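Computed from a predicted structure; not experimentally measured.
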Amino acid sequence: MHQQERRYSEITEHELRQEIADLKEKARKAEQMGMVNEFAVLERKVQMARAYMMDPDSFKPGEIYQIEGDPGEYFKIDYMNGVFAWGYRLQGDGKEEALPISMLTPLK
């Protein structure tokens, strides 16, 4: 039985935790089977679900954050839009991009 898919913004924290657990299990299986693309997609979905469990107000434009899973990579926020931080990578190509806040770690 397949439950109707809902947006992460519409489900409870308990449901988000269950979704994250399900996605992590699927990602683990995909990784074991060598399904690299599937693994990457599932990992991104986990990041998105995690973002909806965080407080966007705790991320401030103008501040610099470390990018989780990317040692030595830093991101400066220009502005926030929901659970996405818009800005650019330091030492990057200067192109604006959006990252889910779950990928950002404060430097402090």
For Gly72 and Gln91 the tightest heavy-atom approach is O-OE1, 4.0 Å

Do Glu63 and Ile77 have side chains that get closer than 4.5 Å, going by heavy atoms?
no

Less than 4.5 Å apart, side chain to side chain, heavy atoms only: is that true for Glu15 and Arg6?
yes

Hey, does the side chain of Ser102 reach the backbone of Gln47 with a donor-acceptor pair shorter than 3.5 angstrom?
yes

Evaluate the side-chain proximity of Tyr52 to Arg7: yes if any heavy-atom separation is below 4.5 Å, no if none is.
no

If you apply the rule side-chain contact (heavy atoms from CB on, under 4.5 Å), what do you find for Arg17 with Met53, and how did you get there?
CA-CA 9 Å; Arg17 287 184 193 285; Met53 293 172 50; 3.4 Å; yes

Assess whether atom CG of Asn37 is packed by more than 12 heavy atoms of other residues, nucleotides or ligands within 6.0 Å.
no

For Ala30 against Leu42, the heavy-atom pair lying closest together
CB-CD1, 4.3 Å

Closest contact, heavy atoms only, Leu104 versus Ala85
CD1-CB, 3.6 Å

Write down the atom of Tyr79, the atom of Glu96, and the distance for their closest heavy-atom approach.
CE2-OE2, 3.4 Å

Is the shortest heavy-atom distance from the side chain of Arg89 to the side chain of Leu99 under 4.5 Å?
yes

4.5 Å side-chain heavy-atom contact, Met54 and Phe59
yes

Quick one: do Tyr88 and Ile64 end up in the same hydrophobic cluster if we chain Ile, Leu, Val, Met, Phe, Trp and Tyr together by side-chain heavy atoms under 4.5 Å apart?
yes

Over 12 non-hydrogen atoms of neighbours within 6.0 angstrom of CD in Glu10:
yes

Check against side-chain contact (heavy atoms from CB on, under 4.5 Å), Met33 and Glu38
CA-CA 10 Å; Met33 296 172 68; Glu38 179 73 6; over 6 Å; no

Should we count CZ of Arg44 as having more than 12 external heavy atoms under 6.0 Å?
no

Taking NZ, NE, NH1 and NH2 as the nitrogens, is one of them in Arg28 or Glu31 under 4.0 Å from a carboxylate oxygen of the other?
no

Side chains of Met103 and Phe84, heavy atoms from C-beta outward: is any pair under 4.5 Å?
no

Show your reasoning for whether side-chain contact (heavy atoms from CB on, under 4.5 Å) applies to Lys45 and Tyr8.
CA-CA 10 Å; Lys45 285 184 175 184; Tyr8 289 151; 4.2 Å; yes

Test item: Tyr74 and Gln66 side chains (from C-beta on) under 4.5 Å apart, heavy atoms:
yes

Leu107, Leu90: one ILVMFWY side-chain cluster at the under-4.5 Å cut-off?
yes

More than 12 heavy atoms of other residues, nucleotides or ligands under 6.0 Å from NZ of Lys29: yes or no?
no

Hey, does Met80 have a side-chain heavy atom less than 4.5 Å from the side chain of Ile101?
yes

Linked, directly or transitively: Ile67 and Met48 (ILVMFWY side chains, under 4.5 Å)
yes

Heavy-atom closest pair, residues Pro56 and Val83
CG-CG1, 4.3 Å

